[in-house]
Amino acid sequence: AGDDIAGGINNTALVLVTIIPLAFYLIRAQVGQLWRSFGILYVTLAIFAIAVTFSRMSLIVLALVLGAQYWETLRGPSGRGWLIPLTAVILVAALTVIPQSEISERLLSRVQTIVPYLQSSLSENDAGVLSSRGYHARIGLAIFRDHPILGAGYNNYGYLFRDDYQFRVSGSERIYGSPRSPHGSYVGFLANLGSLGLALWLGVIGMALRNLAIARSILARKEASRESLLVQAVTYGLLLQVAYGL
């Protein structure tokens with residue numbers, strides 16, 4: 001699910017998670033009951049949509065984002081009462097839809113592999129094999145070592161992976177037959193555009209964070225205003241982009 005929507009399963013899940021803080025903005029801001037209902041509807045549907053992508057990293061980040069947004073809403077002056085219907089809708093949907101489908105077994109097995117997956121992303125197992133994410137990162141770093149300044153060229157990672165580097169870099173127990181994704185934008189920038197490309201990207205991120213910090217300082221005296229809540233939601237969205245780059 002989600003494979004052909006936003007550039008692949010992981011990217012689709014990323015988009016869905018990134019919009020959640022904006023949905024909570026609708027719930028928390030004084031924008032009318034209709035818009036708050038849209039926020040509740042989106043959060044509920046997004047949770048299930050992210051679940052059926054089976055993207056492990058997105059499942060981890062989803063739990064963290066929901067926890068952070070619930071906390072921000074509970075400590076704020078508005079929107080707290082709307083958490084009750086939101087939680088009720090999520091629970092009813094989860095108890096009625098998931099147990100009656102094969103999704104529950106697949107999702108549970110996927111969740112159970114998260115910790116081993118993270119461990120194998122950082123180090124090889126006894127057979128000398130990394131997880132797919134760890135192996136893709138290893139190849140990206142190998143390409144970067146061969147092309148440290150300007151990289152191997154825009155969008156070349158996937159083809160170099162398939163045609164060359166997977167036969168030279170250890171850590172996988174299979175042969176990939178299609179162009180691959182770097183599984184992380186930082187690795188992708190290093191491989192495709194080198195240290196210069198990564199520096200430019202970090203500059204864009206840094207400028208965005210700087211502008212958001214300025215906006216937050218301007219709105220410091222209007223902590224519960226629509227504008228401050230919107231800046232907070234956009235900040236969460238940007239930080240998610242930064243984190244997903246890993």
Side-chain angles (χ1 to χ4, degrees), residues 1-104 106-108 110-111 208 212 215-216 218-244:
D3 190 32
D4 297 320
I5 296 178
I9 291 171
N10 292 319
N11 285 342
T12 298
L14 163 61
V15 171
L16 292 169
V17 174
T18 302
I19 297 173
I20 285 179
L22 295 171
F24 269 92
Y25 161 75
L26 295 179
I27 296 172
R28 299 171 61 196
Q30 302 294 331
V31 292
Q33 293 187 2
L34 179 62
W35 286 105
R36 281 177 161 171
S37 299
F38 282 144
I40 289 176
L41 183 62
Y42 177 81
V43 173
T44 305
L45 294 176
I47 290 173
F48 290 97
I50 293 163
V52 297
T53 65
F54 299 109
S55 170
R56 283 174 288 205
M57 191 58 64
S58 295
L59 290 172
I60 296 172
V61 177
L62 172 63
L64 296 175
V65 170
L66 286 176
Q69 294 305 308
Y70 264 76
W71 169 251
E72 293 285 4
T73 306
L74 287 172
R75 63 191 290 267
S78 63
R80 285 173 289 186
W82 287 78
L83 292 182
I84 297 176
L86 171 61
T87 306
V89 169
I90 293 173
L91 291 176
V92 169
L95 293 174
T96 56
V97 176
I98 291 184
Q100 298 179 7
S101 66
E102 62 180 17
I103 293 176
S104 58
R106 292 184 60 193
L107 184 60
L108 179 61
R110 193 71 167 170
V111 170
L212 283 171
R216 290 175 69 91
I218 293 173
L219 297 169
R221 296 180 180 179
K222 301 180 179 181
E223 186 175 350
S225 66
R226 289 185 188 179
E227 294 82 3
S228 63
L229 292 175
L230 183 58
V231 168
Q232 185 185 92
V234 174
T235 301
Y236 272 105
L238 178 62
L239 292 177
L240 283 171
Q241 299 293 322
V242 174
Y244 263 98

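This is a predicted model, so every value here is computed, not measured.
Smallest separation of non-hydrogen atoms from V43 and F24: CG2-CE1, 3.8 Å. Annotation for Q241 and T18: closest pair NE2-OG1, 3.2 Å, computed over non-hydrogen atoms. Considering every non-hydrogen atom in both W35 and L26, the closest pair reads O-CB, 3.6 Å. When all heavy atoms of A51 and L59 are compared, the pair lying nearest together is CA-CD2, 4.1 Å. Here the closest heavy-atom approach between residue A29 and residue R226 is recorded as CB-CG, 4.2 Å.
Taking CG of L14 as the reference point, atom CG of L240 lies at 7.5 Å (rounded to 0.5 Å). Note: I27 CD1 to L22 CG = 11.5 Å, rounded to the nearest 0.5 Å. Atom CZ of residue R80 and atom CG of residue L74 lie 8.0 Å apart, to the nearest 0.5 angstrom. Atom CG of L62 is separated from atom CD1 of I50 by 4.5 Å, given to the nearest 0.5 angstrom. The line from CG of L230 to OH of Y25 is 5.0 Å long, rounded to the nearest 0.5 Å. The CD1 atom of I40 sits 10.0 Å away from atom CD of Q33, with the distance rounded to the nearest 0.5 Å.
Using a 3.5 Å distance cut-off with no hydrogens or angles, the side chains of E72 and Y236 do pair a donor with an acceptor. The closest side-chain donor-acceptor pair between Q232 and R28 falls under 3.5 angstrom.
Identified under the side chain to side chain donor-acceptor pair (under 3.5 Å) test for residues 39-52, with sequence neighbours left out: none.
In this structure, the side chains of P21 and Q69 come closer than 4.5 Å at one or more pairs of heavy atoms. Residues Y70 and L83 have side chains in contact (heavy-atom distance under 4.5 Å, counting atoms from C-beta outward). By the 4.5 Å heavy-atom criterion applied to side chains, L45 and L41 are counted as neighbours. Contact check for I218 versus V231: no side-chain heavy atoms found under the 4.5 Å cut-off.
In terms of the side-chain contact (heavy atoms from CB on, under 4.5 Å) criterion, residue partners of S37 (sequence neighbours excluded) are, by chain and number, W82.
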L86 vs I90, side chain to side chain contact (heavy atoms under 4.5 Å, CB included): CA-CA, chis, key distance, verdict: CA-CA 6 Å; L86 171 61; I90 293 173; 3.9 Å; yes
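A 6.0 Å sphere centred on CG of L91 holds more than 12 heavy atoms belonging to other residues, nucleotides or ligands.
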